[in-house]
2 protein chains.
Amino acid sequence: MSALRNSKQRDAVLRNLSERYDHPTAEDVYLSLKKEMPSISLATVYRNLKLLESEGLILKITTDDSDRFDGHTHEHYHFTCRDCKRVLDLELRDGTDVNNLTKDFGGTITSHSLMFFGICPDCKVL
Amino acid sequence: MSALRNSKQRDAVLRNLSERYDHPTAEDVYLSLKKEMPSISLATVYRNLKLLESEGLILKITTDDSDRFDGHTHEHYHFTCRDCKRVLDLELRDGTDVNNLTKDFGGTITSHSLMFFGICPDCKVL
DNA sequence: GTCTTATTGATAACGATTATCATTATCATG
DNA sequence: CATGATAATGATAATCGTTATCAATAAGAC
């Protein structure tokens, strides 16, 4: 199983994500890194985002729009704006009253979705 | 504001979704409807899925894989299998002990994501 | 029945992501 | 160090889910 090697590009992707809180798309990361590393390729960004996600170092946020990435992996939740499509952090601390969430947040929350991931009963036995 | 007209195709899409619990993709619905309505077009299925979702009659479930649809709009949650990619219902009743969810469910839950939707503070004032 | 126009079916176009492949860089080894 | 194996890259073609286009059809108000 192919050992990982160091790569300036991968480091740059990870660092970029750890420094920002705006949940960028792959292209956002690419455009941002191009400034300091003009030769970087969009394919390399995609590749490393996938790799870093599989390593658990970043999170992929699947939205109606395009996929977004989060370099901060502590447990927290997200909000997507129906208008501007931005993704914002929503920290849900112990004791947070979900009914007051809208008020505390400032925006308007109209719905939510909760998705669980794992292995289904069928695949578990195979 | 163009009034909606009746359409056999739209009715068929809605009926198809209300009769199944497997969270089909647009293509799944298309292939299923083609049996009883051979002339239906994939574009028509996509169009009506989007329309029905905007009317609140069905739910769109965005996954890493492709979008899936649910004709049952009561509040409930979903599980995606990392292996087979299927989407299963997960009813979370009052009093459900989330810590026992894995046991009750039969599969293995390794993570989850919670997304809120609405209008962000910035867009709210515009 | 007639007219307006919402809806359809067929297909081209689009856009995000992935695959391909020759070249380059990493790094264990001699 | 120099070298060889191969992971990683950059450039770009290919893929695939979804949307746009447009002429033909059908709903339904009159």
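Just so it is clear: chains get the letters A, B, ... in the order the sequence lines come, proteins before strands, and each one is counted from 1. Keep in mind that this is a model prediction, so the values were computed, not measured. Only this structure's heavy atoms are used, side chains among them; waters, hydrogens and symmetry mates stay out.
- Side-chain contact annotation: B:His72 with B:Asp89, donor-acceptor N/O pair under 3.5 Å absent.
- With rounding to whole Å, B:Gln9 atom CD is found 14 Å from D:dT25 atom P.
- Regarding A:Leu52, its CG atom lies at a distance of 13 Å from the C1' atom of D:dA8, rounded to whole Å.
- When rounded to the nearest whole Å, the span between CG of A:Leu14 and P of D:dA8 equals 15 Å.
- In this entry the distance linking NZ of A:Lys85 with P of C:dA16 reads 13 Å, nearest Å.
- Sorted by residue number, the members of residues 28-50 of chain A with any non-hydrogen atom under 4.0 Å from DNA chain C read A:Ala43, A:Tyr46, A:Arg47, A:Lys50.
- Apart from A:Leu49 itself, the hydrophobic cluster it occupies contains A:Val13, A:Leu14, A:Leu17, A:Val29, A:Tyr30, A:Leu31, A:Leu33, A:Met37, A:Ile40, A:Leu42, A:Val45, A:Tyr46, A:Leu52, A:Leu57, A:Ile58, A:Phe69, where clustering links Ile, Leu, Val, Met, Phe, Trp and Tyr at side-chain heavy-atom distances under 4.5 Å.
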Using the 3.5 Å cut-off, write out each protein N or O paired with an N or O of nucleotides 26-30 of chain D and the distance between them.
{"residue": "D:dA27", "atom": "N3", "partner": "B:Arg5", "partner atom": "NH1", "Å": "3.0"}
{"residue": "D:dG28", "atom": "OP1", "partner": "B:Asn6", "partner atom": "N", "Å": "2.9"}
{"residue": "D:dG28", "atom": "OP1", "partner": "B:Asn6", "partner atom": "ND2", "Å": "3.4"}

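- No donor-acceptor contact under 3.5 angstrom links the side chains of B:Lys85 and B:Thr80, judged on distance only.
- Other residues sharing a hydrophobic cluster with A:Ile119 under the 4.5 Å side-chain heavy-atom criterion for ILVMFWY residues do not exist; the residue is a singleton.
- To the nearest 0.5 angstrom, A:Ile109 atom CD1 is 11.5 Å from B:Cys120 atom SG.
- C:dA16 atom P lies 13 Å from atom CZ of A:Phe69, rounded to whole Å.
- The side-chain hydrogen bond (donor to acceptor under 3.5 Å, both in side chains) pairs that include a residue from residues 51-63 of chain A are A:Thr62-B:Asp64, where partners are two or more places apart or lie in different chains.
- With hydrophobic clusters built from ILVMFWY side chains whose heavy atoms lie under 4.5 angstrom apart, A:Leu114 shares a cluster with B:Phe116.
- Summarising the geometry, the separation between CG on B:Leu51 and C1' on C:dA6 is reported as 11 Å, rounded to the nearest angstrom.
- Rounded to whole angstrom, the span from the CG atom of B:Asp64 across to the P atom of D:dC16 amounts to 18 Å.
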- Please test B:His78 against B:Asp70 for side chain to side chain donor-acceptor pair (under 3.5 Å), starting from the C-alpha separation and ending with a verdict. CA-CA 10 Å; B:His78 296 105; B:Asp70 192 331; 3.0 Å; yes

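- The separation between B:Ile61 atom CD1 and D:dT18 atom P is 13 Å, rounded to whole Å.
- Remark: A:Asp122 engages B:Arg86 in a salt bridge, criterion side-chain N to carboxylate O under 4.0 Å.
- Atom CG of B:Asp22 sits about 8.5 Å away from atom OG of B:Ser32, to the nearest 0.5 Å.
- In this model, no donor atom of one side chain and acceptor atom of the other lie less than 3.5 Å apart for A:Tyr21 and A:Glu19.
- The bend of the helix from C:dG1-D:dC30 to C:dG30-D:dC1, defined by the angle between the axes of its first five and last five pairs, stands at 30° to the nearest 10°.
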